[in-house]
Amino acid sequence: MTLENLSVNKTFGGWQKQYSHHSAVLNCNMRFAIYLPPQASNAKKVPVLYWLSGLTCTDENFMHKAGALRMAAELGIAIVAPDTSPRGEDVADHDGYDLGKGASFYVNATQAPWNRHYQMYDYVVNELPKLIESTFPVSNKRSIAGHSMGGHGALTIAMKNPELYSSVSAFSPISNPMNSPWGQKAFTAYLGKNKDDWRAFDASELMRQATQFVPAKVDQGESDDFLAEQLKPETLTAAAQVSNYPLELNLHQGYDHSYYFIASFIEEHLRFHYAHLHN
């Protein structure tokens with residue numbers, strides 16, 4: 001697979017790079033960002049944290065706004081941030097911000113016209129890590145994290161693949177998309193009207209039924225405008241109590257849905273992942 005390097009910047013002794021490549025899974029060109037800490041070399045491979053961003057975002061938002069790279073450099077963790085959906089003129093789209101480009105919900109779409117390109121679950125779980133591990137000085141030790149729609153994606157991907165991930169964390173995740181307007185709109189389009197098919201991509205449903213556990217950390221701002229209608233963190237808490245899932249869920253007074261919130265607690269998340277990646 002041919003990689004095109006779009007940009008490179010040295011920061012905190014490591015390298016922040018952006019690449020494009022053709023994705024066979026998504027049938028289009030894709031872009032991702034990668035931060036390689038100073039510890040990464042041919043002699044030493046470092047673990048990877050995959051970051052999934054939220055609605056309307058790209059691979060750039062987290063790298064530019066989260067303030068994560070200093071701690072990633074200190075801990076020796078690579079960070080990989082894919083784009084949030086397929087892109088291109090022939091990729092299906094929708095007028096609204098919450099469906100189509102920038103709004104993949106990290107599922108494998110089964111419904112036309114979305115199923116031709118929107119196979120983001122397979123891209124994040126299989127195709128992208130194979131590319132990363134075969135190209136860069138990283139190990140096969142993985143953790144995964146995300147924000148909002150990406151928090152939903154991170155939680156569901158980790159719980160569906162507990163053998164692949166050492167830990168999972170999320171900021172302001174869409175915790176129960178089956179009962180969220182955002183989730184209902186996206187799942188109907190991508191997966192069809194049968195709600196039984198939605199359960200495989202609902203974090204609360206997966207957590208309630210879990211028998212294998214990936215340690216999970218979730219942070220949620222109490223002044224988040226989307227808290228009650230869209231995010232519903234209480235459904236995760238209830239699900240964890242059913243399965244005895246190792247979930248740490250923290251509510252933070254005054255914080256909202258923005259990257260100011262993420263930047264305030266991202267170092268705690270990186271330390272959480274470091275502990276489990278080296279366990």
Side-chain angles (χ1 to χ4, degrees), residues 1 3-4 6-7 18-34 50-66 79-129 131-132 144-157 170-174 177-178 180-193 197-198 201-203 225-226 230-231 257-259 262:
M1 186 181 297
L3 281 176
E4 180 185 358
L6 302 177
S7 67
Q18 187 183 55
Y19 290 90
S20 68
H21 71 103
H22 180 77
S23 167
V25 169
L26 302 178
N27 295 306
C28 66
N29 288 331
M30 285 295 286
R31 202 173 67 186
F32 68 85
I34 182 170
Y50 288 85
W51 174 270
L52 307 182
S53 287
L55 291 166
T56 75
C57 292
T58 70
D59 61 296
E60 295 182 331
N61 296 73
F62 177 80
M63 295 302 199
H64 289 178
K65 297 180 179 181
I79 300 177
V80 173
D83 201 348
T84 53
S85 78
R87 306 280 179 173
E89 292 184 2
D90 63 337
V91 173
D93 200 9
H94 186 270
D95 290 339
Y97 73 95
D98 53 358
L99 186 67
K101 294 177 184 177
S104 72
F105 273 77
Y106 302 100
V107 303
N108 281 343
T110 59
Q111 306 299 301
W114 311 102
N115 56 348
R116 182 164 179 258
H117 295 286
Y118 286 75
Q119 305 295 313
M120 283 293 289
Y121 173 86
D122 280 348
Y123 177 72
V124 171
V125 175
N126 297 312
E127 187 179 37
L128 182 60
L131 173 61
I132 297 298
I144 191 166
H147 172 232
S148 194
M149 176 188 72
H152 139 79
L155 289 167
T156 57
I157 284 171
F171 289 88
S172 318
I174 305 172
M178 291 183 65
S180 154
W182 281 339
Q184 291 167 344
K185 180 177 181 178
F187 283 6
T188 300
Y190 298 146
L191 304 174
K193 296 181 179 180
D197 295 332
W198 299 5
F201 294 101
D202 186 294
D225 290 341
F226 306 111
Q230 302 283 10
L231 306 180
H257 200 71
S258 71
Y259 266 84
I262 296 172

Judged by atom type as modelled, is there a donor-acceptor pair below 3.5 Å linking the side chain of Asn27 to the main-chain atoms of Arg116? yes
When you measure from the side chain of Tyr106 to the backbone N and O of Phe201, does any donor-acceptor pair fall under 3.5 Å? no
Take the angle between the ring planes of Trp51 and Tyr259 and call it parallel below 30°, perpendicular above 60°, tilted in between. tilted
Under a 4.5 Å cut-off applied to non-hydrogen side-chain atoms, are Asp202 and Trp198 in contact? no
Salt bridge check, Asp83 against Arg31: does any charged N sit closer than 4.0 Å to a carboxylate O? no
Closer than 3.5 angstrom, by distance alone: can the side chain of Lys101 be matched with the main-chain N or O of Gly88 as a donor-acceptor pair? yes
Has the side chain of Asn126 got a donor or acceptor atom that lies under 3.5 Å from a matching backbone atom of Tyr123? no
Please give me the minimum heavy-atom distance between Ile262 and Ala66, naming the atom from each residue. CG2-CB, 4.1 Å
Compare every heavy atom of Thr84 with every heavy atom of Cys57, then report the nearest pair and how far apart it is. O-OG1, 2.6 Å
In short, Cys28 meets His117 closest at the heavy-atom pair CB-ND1, 4.3 Å
In Å, rounded to the nearest 0.5 Å, how long is the span from CG of Leu52 to CG of Asp59? 12.0 Å
Any donor and acceptor pair, going by atom type alone, linking the side chain of Ser85 with main-chain N or O of Gly102 inside 3.5 Å? yes
For Lys185, is there any backbone N or O sitting under 3.5 Å from a side-chain donor or acceptor partner on Thr188? no
How about Phe171 and His147: are their ring centres within less than 6.0 Å of each other? no
Under a 4.5 Å cut-off applied to non-hydrogen side-chain atoms, are Ser20 and Asn29 in contact? no
Please step through side-chain hydrogen bond (donor to acceptor under 3.5 Å, both in side chains) for the pair Tyr97 and Trp182, ending with a clear verdict. CA-CA 10 Å; Tyr97 73 95; Trp182 281 339; 3.0 Å; yes
Side chains of Met30 and His21, heavy atoms from C-beta outward: is any pair under 4.5 Å? yes
Using atom types as modelled and distance alone, determine if a side-chain donor or acceptor of Thr58 lies under 3.5 Å from a backbone N or O of Glu60. yes
Working to the nearest 0.5 angstrom, can you tell me the gap between Gln184 CD and Gln230 CD? 9.0 Å
So, the side chain of Tyr118 versus the backbone of Gln111: is there a donor-acceptor pair under 3.5 Å, distance only? no
Below 4.5 Å, heavy atoms only, C-beta onward: do Met120 and Asp122 meet side chain to side chain? no
Do Glu127 and Gln119 get their side chains close enough for a donor-acceptor pair, meaning under 3.5 Å? no
For Ile79 and Met63, the nearest pair of non-hydrogen atoms, with its separation, is O-CE, 3.4 Å
Please answer whether the main-chain N or O of Asn115 pairs with a side-chain N or O of Tyr190 as donor and acceptor at a distance below 3.5 Å. no
Does any non-hydrogen side-chain atom of Ile174 lie less than 4.5 Å from one of Pro177? yes
By side chain to side chain donor-acceptor pair (under 3.5 Å), Tyr50 pairs with (sequence neighbours left out) none
Least distance between heavy atoms, Ala186 atom then Leu99 atom: CA-CD1, 3.8 Å
Evaluate Leu26 against Arg87 for side chain to side chain contact (heavy atoms under 4.5 Å, CB included), listing each step before the verdict. CA-CA 9 Å; Leu26 302 178; Arg87 306 280 179 173; over 6 Å; no
Value rounded to 0.5 Å, distance of OG1 in Thr56 from CG in Asn61: 7.0 Å
For the residue pair Asp98 and Leu55, what are the closest heavy atoms and their distance? CA-CD2, 4.0 Å
Below 6.0 angstrom between ring centroids: does that apply to Phe32 and Tyr19? yes
Validation row, ring centre Phe105 to ring centre His152 under 6.0 Å: yes
